[in-house]
Number of protein chains: 2
Amino acid sequence: MEKENELFGVKEIARRANVSTATVDRVLHNRTGVSEKTKARINAIIKEMDYQPNILASRLASKKIINLAALIPEVSEETDFWSAPLSGIRRAEAEMRQYGVQVQIFLFDLNDKDSFAGQIRHVFEGGFQGILISPSFIEETKKFAAECGRRKIPYVFIDSDIPDLHSLSYIGPHLRKSGYVGAKLLTYRLEAEKKVLIINISKEIDNYNYLEIEDGFRAYFNDNKQPNEIVRIDIRETDYQSVARHLTYVFHLNRDIGAAFVTNSRVHTVASFLKNSHRTHVSLIGYDFVKENVDYLENNVIDFLICHRPDDQGYRGMMALYQKLVVNAPVIKQNYMPIDIVTKENYEFYQN
Amino acid sequence: MEKENELFGVKEIARRANVSTATVDRVLHNRTGVSEKTKARINAIIKEMDYQPNILASRLASKKIINLAALIPEVSEETDFWSAPLSGIRRAEAEMRQYGVQVQIFLFDLNDKDSFAGQIRHVFEGGFQGILISPSFIEETKKFAAECGRRKIPYVFIDSDIPDLHSLSYIGPHLRKSGYVGAKLLTYRLEAEKKVLIINISKEIDNYNYLEIEDGFRAYFNDNKQPNEIVRIDIRETDYQSVARHLTYVFHLNRDIGAAFVTNSRVHTVASFLKNSHRTHVSLIGYDFVKENVDYLENNVIDFLICHRPDDQGYRGMMALYQKLVVNAPVIKQNYMPIDIVTKENYEFYQN
DNA sequence: ACAATTTACGGGCACGTGCCCGTAAAGGTA
DNA sequence: TACCTTTACGGGCACGTGCCCGTAAATTGT
């Protein structure tokens with residue numbers, strides 16, 4: 001310690017400017033009650049010192065509690081995908097709690113637009129200072145964004161993005177590139193004369209995610225002049241019976257399908273069908289590290305899973321709000337997650 | 001706020017035990033000067049309250065600075081691999097600085113055992129309370145571990161492990177499984193009659209990492225009854241000319257090599273050779289997300305890179321020490337990193 | 001018995017920042 | 001000039017914990 005009796009932080013600023021710490025404080029939080037002259041003088045000193053406030057002391061002194069909300073789909077019987085972001089959110093909460101940040105979680109039904117809208121209303125009633133949201137329904141999300149703009153509440157999108165809204169940040173995959181990677185893996189050892197099947201299983205019709213992914217998938221075929229014919233099918237019911245019925249029909253019409261690509265986490269339903277109908281020679285790729293999928297990965301029915309670290313997404317999403325509201329640091333607007341490739345051989349080390 | 005005028009933390013414990021906060025403090029830090037009776041009484045209350053100290057206040061009040069050391073290889077001309085862990089360490093340092101933790105970094109020459117031993121001596125002279133170390137040389141590391149045991153200094157291994165030493169934690173890949181994954185990717189579209197070449201380019205002879213990786217690689221061939229013949233070669237010089245010379249010879253002897261697996265980040269040297277000798281039809285897989293490798297990935301010379309998030313390793317390694325020394329929380333002993341698969345299509349989103 | 005030593009504990013300041021409250025000075029009105 | 005309002009600023013306590021210092025009580029020695 002060479003520097004011995006120096007003052008630190010606010011006190012030192014106050015000493016240099018010949019004012020009290022209270023006045024410095026007023027400037028730092030740009031409150032009223034300081035003349036322009038002294039304000040300028042203090043600001044100059046702050047700049048010169050490159051003053052960084054001590055967050056410990058700051059959070060300790062202010063009893064102000066920051067309230068954040070997270071609005072994500074509930075874990076359904078169909079998929080427990082959202083349990084991962086939820087755990088990431090909880091992890092972030094545990095870390096932030098000692099800094100006086102509280103997180104409240106709101107869940108909605110992915111198959112019910114109204115529950116989404118309803119929970120948004122609840123969130124606004126709660127008077128939160130920052131919101132993490134999965135923008136599952138486009139129109140409702142636009143209204144949500146507009147209201148946040150009016151109230152000056154920062155919000156972060158997670159898992160899928162709606163561009164051109166002024167979200168503080170987007171944390172999630174680059175969907176198009178993700179489809180592109182899927183195509184690469186699917187065709188890596190595919191014979192030229194085989195057909196490729198794209199399967200979309202979803203109740204939602206105007207699915208932005210799905211369109212982006214398929215677009216990327218097809219782009220790979222174009223870029224690399226893949227000769228394979230692409231067949232596609234939309235399945236609006238998510239239960240096994242319906243899926244099996246549709247797939248039976250498609251495989252009947254197209255006897256030379258060599259590979260199938262499922263655009264979401266319901267790939268396990270397709271895997272189940274392939275196994276039951278003794279078609280495990282068909283290469284199969286889909287999304288997300290959920291238990292059912294990993295089981296079929298283990299059994300060699302699914303070849304690859306593409307994942308985007310949903311747990312990390314939840315964590316980073318909350319941390320982005322924390323950075324903005326507590327640390328007051330700049331936040332990266334586009335935060336694309338890695339496109340992870342999970343196989344039978346490496347899944348045991350995968351970290352969501 | 002339902003709970004209004006309650007006291008928190010140490011004060012509340014003191015009130016309930018009819019002692020002063022100083023006495024509670026003595027118990028919390030098990031210092032001397034408290035009778036067994038009151039000590040027991042206070043401990044009971046602490047347990048009952050499930051008291052969690054406020055780290056903010058704790059770190060703020062204690063001017064004690066915690067000093068951590070990191071001992072890793074320096075970035076050499078051959079490879080800038082270690083710049084990634086270094087950046088992770090720096091990231092951790094930035095986060096910990098405000099909690100009164102300082103990090104000092106010691107670098108050694110990977111090709112010089114003595115520089116490793118010398119830096120270890122420097123570290124011990126520095127009187128650090130925790131050490132992160134890349135155990136690149138086995139014997140020296142064993143002595144290091146013994147000395148740490150004597151001095152009761154916790155240490156964390158990073159990137160490669162030496163089992164049976166009592167490290168606080170190991171942060172790095174499961175090397176054997178990592179080789180296993182390499183074999184899977186390499187054979188995924190390999191014809192049965194082609195040979196597979198394992199290449200080890202390293203000056204170090206007793207390389208534990210390399211043995212583990214090759215063992216895992218071969219295990220995949222056994223487990224899956226892969227018919228391909230495996231050829232292996234050790235190259236002790238790391239410059240391009242030497243590598244090219246050896247490889248020319250091997251490819252001359254074995255005309256039907258269909259795939260090559262390089263056990264470390266020097267895969268770009270092999271890629272260069274394959275490109276120059278017009279052998280880009282050979283599938284090539286190697287390790288680590290370093291610039292040269294990514295360039296060859298981009299040019300389709302390298303098919304896959306296997307990576308273990310070196311940046312994250314540095315970060316987590318330091319954080320393990322932080323958890324132990326500052327938060328006094330339990331630390332996971334084995335912390336295997338994911339085995340990431342990087343391709344031309346997904347590398348732009350890869351996060352070290 | 002008394003002094004000398006050790007043990008057990010309390011008082012209270014410090015860490016850096018937030019913010020309430022009090023007040024002197026400046027400006028405004030008659 | 002006397003009185004009131006507004007502006008500009010300082011004093012000082014609080015946040016929860018660490019730890020120094022002082023002292024009454026218990027223990028030991030003679």
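Quick note: numbers below take in every heavy atom, side chains included, and nothing from hydrogens, waters or symmetry partners. Each chain gets a letter, A, B and so on, in the order the sequences are listed, and its residues count up from 1.
For B:F144 and B:Y155, the ring centers are positioned less than 6.0 Å apart.
One can place CD of A:E12 at 11 Å from P of C:dT17, the figure rounded to the nearest angstrom. Following rounding to the nearest Å, A:K37 (NZ) and C:dA26 (P) show an atom-to-atom distance of 10 Å. Atom NE2 of B:H29 is separated from atom P of D:dG16 by 16 Å (rounded to the nearest Å). The interatomic distance linking A:R31 (CZ) with D:dA8 (C1') rounds to 14 Å, in whole Å. A straight line from CG of B:N30 to C1' of D:dC19 spans 15 Å, rounded to a whole angstrom. Remark: C1' of C:dT17 and CE of A:M49 are 14 Å apart, rounded to the nearest angstrom. One interatomic measurement links the two molecules: OH of B:Y51 to C1' of D:dG18, which rounds to 11 Å at whole-angstrom precision. Here the P atom of nucleotide D:dA8 and the CD atom of A:E36 are 9 Å apart, to the nearest Å.
Regarding contacts with the backbone of D:dG18, a side-chain N or O of B:S58 is found under 4.0 angstrom from either OP1 or OP2.
In this structure, of C:dG10, C:dT17, C:dG16, it is C:dG16 that holds the atom nearest to the side chain of A:L60. Here the nucleotide nearest the side chain of B:D25, chosen from D:dC19, D:dC9, C:dT17, is D:dC19. With C:dG12, C:dC15, D:dC9 as the choices, the nucleotide that has an atom nearest any side-chain atom of A:K11 turns out to be C:dC15. Side chain of A:T23, nearest nucleotide from D:dG10, D:dG18, C:dG10: D:dG10.
Side-chain atoms of B:R26 come within donor-acceptor range of the base of C:dG10, with a qualifying N/O pair under 3.5 Å.
Residue contacts for A:T32: at a heavy-atom cut-off of 4.0 Å it reaches no nucleic acid atom on any strand shown.
Within 6.0 Å of the CZ atom in B:R151, the count of heavy atoms belonging to other residues, nucleotides or ligands exceeds 12.
Residue order along DNA chain C, read from the 5' end via each residue's closest nucleotide, puts B:K39 first among B:A61 and B:K39. Taking for each of B:T21 and B:T38 the nucleotide of DNA chain C with the nearest heavy atom, the 5'-most of the two is the partner of B:T38.
The aromatic rings of A:Y336 and A:Y170 lie perpendicular to each other, with more than 60° between the two planes, well past the 30° mark. Between B:F289 and B:Y350, the ring-plane angle classifies as tilted under the 30° and 60° cut-offs.
At least one side-chain heavy atom of B:P310 sits less than 4.5 Å from a side-chain heavy atom of B:P85.
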